[in-house]
Q: 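My questions all concern the structure below.
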Amino acid sequence: MAYLIQAFISKDGNPNLLPLSIPYLALVQGFVLAPVNKNFRDRFNLSIFPLLEGDNTGLLALSSVGCLVSENAKVAYIEAEFFGGDGMQASMVFENGKITLDKTVSRNAINSALHYLGVEKLTYIDEFEALRLGKYRNTEQWITTKNE
């Protein structure tokens, strides 16, 4: 079974997400997830999985968008692609219009970024599970399924 995600995560109330018309969904602990779908990628000239694929053009576009949405806020960009247990994840963190945690590709990249944002593990295995990011198997499901 595949798992795919490509999204920005920030604290709820980040006004920088509004002018860009990024649709976002409420998560737990006061965070929101802005899924990066095909329309978003086309609009901002982002490739699919620019960090995992090592796409320099996509990385530049991602950095520009990340810096824009992080004015006066912390924002993590995450991506992961898994199939049958094999795969990888990647992240970048932006704060105050700058990259604060550069491109990270590792089995723990998303948890590191979420920890930096202030996500608490609480009684869960890790920050990923604490935000319930495994709720859907792909990015499109976050867009098409109403938040429960």
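Since the model is a prediction, treat every value here as computed from it, not as a measurement. Only heavy atoms go into these numbers, but all of them, side chains included; no hydrogens, no water, no symmetry mates.
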Q: For a quick test of reading the model, state the closest non-hydrogen atom pair linking D55 to S47 and the distance between them.
A: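 Closest approach of D55 to S47, heavy atoms only: OD2-OG, 2.6 Å.
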
Q: On a heavy-atom basis, which atom in E79 and which in P50 lie closest, and how many Å separate them?
A: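 In this case the closest contact between E79 and P50 is OE1-CD, 3.1 Å.
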
Q: Do V105 and F49 sit in one hydrophobic cluster, given that two such residues count as connected whenever their side-chain heavy atoms are within less than 4.5 Å of each other, even indirectly?
A: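 Same hydrophobic cluster.
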
Q: Ignoring hydrogens and geometry, is there a side-chain-to-backbone donor-acceptor pair from R137 to L4 under 3.5 Å?
A: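 Answer holds: no.
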
Q: Judged by atom type as modelled, is there a donor-acceptor pair below 3.5 Å linking the side chain of R107 to the main-chain atoms of G87?
A: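 The answer is yes, because a donor-acceptor pair under 3.5 Å joins these two groups.
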
Q: F94 vs F8 aromatic rings, parallel, tilted or perpendicular, using cut-offs 30° and 60°?
A: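 Rings of F94 and F8: tilted, 30 to 60°.
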
Q: Decide whether Y24 and V69 are clustered together by the hydrophobic rule: side chain heavy atoms of Ile, Leu, Val, Met, Phe, Trp, Tyr closer than 4.5 Å, transitively.
A: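 Result: yes, single cluster for both.
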
Q: Atom CG in L114, atom CD in Q29: separation rounded to 0.5 Å?
A: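 It is 9.5 Å, given to the nearest 0.5 Å.
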
Q: Nearest 0.5 Å, please: how far is CG in L133 from CD1 in I78?
A: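 Result: 5.0 Å between the selected atoms.
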
Q: Any donor-acceptor pair under 3.5 Å linking the side chain of S91 with the backbone of A113?
A: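 No, because the side chain of S91 does not come within donor-acceptor range (under 3.5 Å) of the backbone of A113.
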
Q: Given the rule that I, L, V, M, F, W and Y join up when any side-chain heavy atoms are under 4.5 Å apart, are F31 and I5 in one cluster?
A: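 Yes; I5 is reachable from F31 via cluster members.
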
Q: What's the spacing between E95 CD and T100 OG1 if we round to 0.5 Å?
A: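 That separation rounds to 5.0 Å.
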
Q: Looking at side-chain heavy atoms only, is the closest gap between V119 and I9 below 4.5 Å?
A: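 Sidechains of I9 and V119: no contact.
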
Q: Rounded to the nearest 0.5 Å, what's the gap from CG on D126 to CD1 on I110? Could you check?
A: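 D126 atom CG to I110 atom CD1 measures 9.5 Å (nearest 0.5 Å).
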
Q: Do side-chain atoms of T104 reach the backbone of D102 as a donor and acceptor pair under 3.5 angstrom?
A: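 Flag set: sc T104 to bb D102 pair under 3.5 Å.
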
Q: With rounding to the nearest 0.5 Å, note down the distance linking CZ in F44 to CG in L68.
A: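 Separation between the atoms: 8.0 Å.
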
Q: Check for a donor-acceptor pair, side chain of T139 on one end and backbone N or O of V36 on the other, with a separation under 3.5 Å.
A: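 The answer is no, because no donor-acceptor pair under 3.5 Å joins these two groups.
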
Q: Tell me, do L131 and V28 make a side-chain contact under 4.5 Å, heavy atoms counted?
A: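 SC-SC contact between L131 and V28 confirmed.
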
Q: L101 versus S112: any side-chain heavy-atom pair under 4.5 Å?
A: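 SC-SC contact between L101 and S112 ruled out.
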
Q: Has L122 got more than 12 heavy atoms of other residues, nucleotides or ligands less than 6.0 Å from its CG?
A: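 Count over threshold, so yes.
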
Q: Any donor and acceptor pair, going by atom type alone, linking the side chain of S106 with main-chain N or O of A109 inside 3.5 Å?
A: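 Yes; at least one donor-acceptor contact below 3.5 Å.
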
Q: Between K11 and L117, is the side-chain contact (heavy atoms from CB on, under 4.5 Å) condition met? List the steps.
A: CA-CA 8 Å; K11 276 292 209 181; L117 290 184; over 6 Å; no

Q: So if I apply the side chain to side chain contact (heavy atoms under 4.5 Å, CB included) rule between L52 and each of E81, Q6, Q89, which one comes out positive?
A: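 Going through the options one by one, the only one that passes is E81.
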
Q: Any sub-3.5 Å donor-acceptor pair from Q141's side-chain atoms to N138's backbone N or O?
A: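 Here the side-chain-to-backbone pair exists.
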
Q: If only atom types and distance count, is the side chain of N111 paired as donor or acceptor with the main-chain N or O of F128 below 3.5 Å?
A: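 Side chain of N111 to backbone of F128: a pair is present.
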
Q: Would you find a donor on one side and an acceptor on the other, under 3.5 Å apart, between the side chain of N14 and the backbone of A73?
A: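 The answer is no, because no donor-acceptor pair under 3.5 Å joins these two groups.
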
Q: Are the side chain of S70 and the backbone of G97 linked by a donor-acceptor contact shorter than 3.5 Å?
A: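 Checked: pair present.
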
Q: Is the shortest side-chain heavy-atom distance between E71 and N96 below 4.5 Å?
A: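 Not touching, per the 4.5 Å side-chain cut-off.
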
Q: Would you say M92 ends up clustered with L60 if hydrophobic residues are merged whenever their side chains have heavy atoms under 4.5 Å apart, either directly or through other cluster members?
A: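 Different hydrophobic clusters.
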
Q: Any cation-pi pair here, K74 with Y116, using under 6.0 Å and within 45°?
A: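 Verdict for Y116: a cation-pi partner in K74.
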
Q: Check the orientation of W142 and Y136. Use parallel for under 30°, tilted for 30 to 60°, and perpendicular for over 60°.
A: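 Ring orientation, 0 to 90° scale: perpendicular.
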
Q: At their closest point, which heavy atom of A7 faces which heavy atom of L33, and how far apart are they?
A: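 That closest heavy-atom pairing would be CB-CG, 3.8 Å.
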
Q: Are L62 and I48 connected, step by step, through hydrophobic side chains (Ile, Leu, Val, Met, Phe, Trp, Tyr) whose heavy atoms are closer than 4.5 Å?
A: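 Looking at the clustering, I48 is in a separate group from L62.
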
